[in-house]
Amino acid sequence: MAAKGNSMNTPSSPPQFAETLLRLLLARRDRESVSGDLLEEYRDEIHPSRGLARADAWYCYQVLGFFFRSNAAPALLLFVAIIGRTAFDWLVPTTEFATRAAISTFTSAAILTVAGFLASWRSEDPLSGTLVGTIISIMIAPLVIFGMMILLALSHDAELMAAVAASGGLQ
């Protein structure tokens, strides 16, 4: 019983990686207030009612919410660019992909660069730009796969399958 009473007197803390990520996502002027409000809710309401593991999951979910809200537009643009390029390759087949590859590479790089620059500018920390670009890329990967599956389900006639095979196949 003494250990439990002792742990109640020791303030609980959310996962350090989530706190660090939150601070990298926020503007410098908002870090203390937003982080403090989340920490207060975590310690006063969430941790006592849900326990450590579920409170940590709640905190991580809140941080992801900040990330998604601040980076939804570039993630959506990158998704549309990748799916659009795939649809274009499938619907307008070619044997010369250099120009298309250059355009799509430049477009993707530009979207991630602008998203990273805006994140770095907002947070006043260059690391946040790298982090945002990386997380956006990881975040949309399953969405791109799902989007390609939908494209394939909508149109999978013999001509399209031949164009897919000519562009490198589904592998």
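Source: prediction; values computed, not measured.
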Distance-minimising heavy-atom pair for [X] and [Y]:
X    : Y    : value
A109 : T113 : O-OG1, 2.7 Å
V63  : A18  : CG2-O, 3.6 Å
A119 : S128 : O-OG, 3.2 Å
S49  : E45  : OG-O, 2.8 Å
H47  : L52  : CD2-CA, 3.5 Å
A81  : T107 : CB-CG2, 4.0 Å

When rounded to the nearest 0.5 angstrom, what is the spacing between [atom1] in [X] and [atom2] in [Y]?
X    : Y    : atom1 : atom2 : answer
I136 : S108 : CD1   : OG    : 11.5 Å
L78  : S137 : CG    : OG    : 6.0 Å
L77  : I111 : CG    : CD1   : 5.0 Å
L39  : S12  : CG    : OG    : 8.0 Å

Between [Y] and [X], is there a side-chain heavy-atom distance shorter than 4.5 Å?
X    : Y   : value
V114 : P74 : no
V144 : T86 : no
S123 : R31 : yes

Quick check on the hydrophobic clustering: are [X] and [Y] connected, directly or via other members, by side-chain heavy-atom contacts under 4.5 Å?
X    : Y    : result
L152 : I150 : no
M139 : L22  : yes
L112 : L76  : yes
I135 : L143 : yes
V80  : F146 : no

(request) Kindly state each residue pair satisfying salt bridge (charged side-chain N to carboxylate O under 4.0 Å, His left out) with at least one member in residues 79-88, sequence neighbours excluded. (result) R85-D89
(request) Establish, yes or no, whether the cationic atom of R69 lies under 6.0 Å from the six-membered ring centre of F66 and within 45° of the ring axis. (result) yes
(message) Would the distance check show the side chain of R122 and the main-chain N or O of A27 forming a donor-acceptor pair, the cut-off being under 3.5 Å?
(response) no
(message) Looking at S13, is its backbone amide N or carbonyl O close enough to the side chain of Y42 to form a donor-acceptor pair, meaning the two atoms are under 3.5 Å apart?
(response) yes
(message) side chain to side chain contact (heavy atoms under 4.5 Å, CB included), that's the test. Do I46 and Q62 meet it? Break it down for me.
(response) CA-CA 12 Å; I46 306 302; Q62 299 304 311; over 6 Å; no
(message) With side chain to side chain contact (heavy atoms under 4.5 Å, CB included) as the criterion, how do W58 and L38 come out once you've worked through the C-alpha distance, each side chain's angles and the decisive distance to 0.1 Å?
(response) CA-CA 10 Å; W58 173 87; L38 270 181; 3.7 Å; yes
(request) State, without any angle test, whether T20 and Q16 hold a side-chain donor-acceptor pair at a distance under 3.5 Å. (result) yes
(message) If we count only N and O atoms by modelled type, under 3.5 Å, do the side chains of E41 and Y59 hold a donor and an acceptor together?
(response) no
(request) In sequence, state the C-alpha distance, the side-chain angles, and the governing distance for M148 and I82, and then conclude on side chain to side chain contact (heavy atoms under 4.5 Å, CB included). (result) CA-CA 9 Å; M148 288 183 184; I82 293 170; 4.2 Å; yes
(message) Between R23 and E32 (salt bridge meaning N to carboxylate O under 4.0 Å), is one present in this structure?
(response) yes
(message) For R54, I'd like to know if atom CZ has over 12 heavy atoms of other residues, nucleotides or ligands within 6.0 Å.
(response) no
(message) Run L25 and V132 through side chain to side chain contact (heavy atoms under 4.5 Å, CB included) and show every step you take.
(response) CA-CA 8 Å; L25 293 173; V132 161; 4.0 Å; yes
(request) Could you list the residues that satisfy side chain to side chain contact (heavy atoms under 4.5 Å, CB included) with L64, not counting sequence neighbours? (result) F68
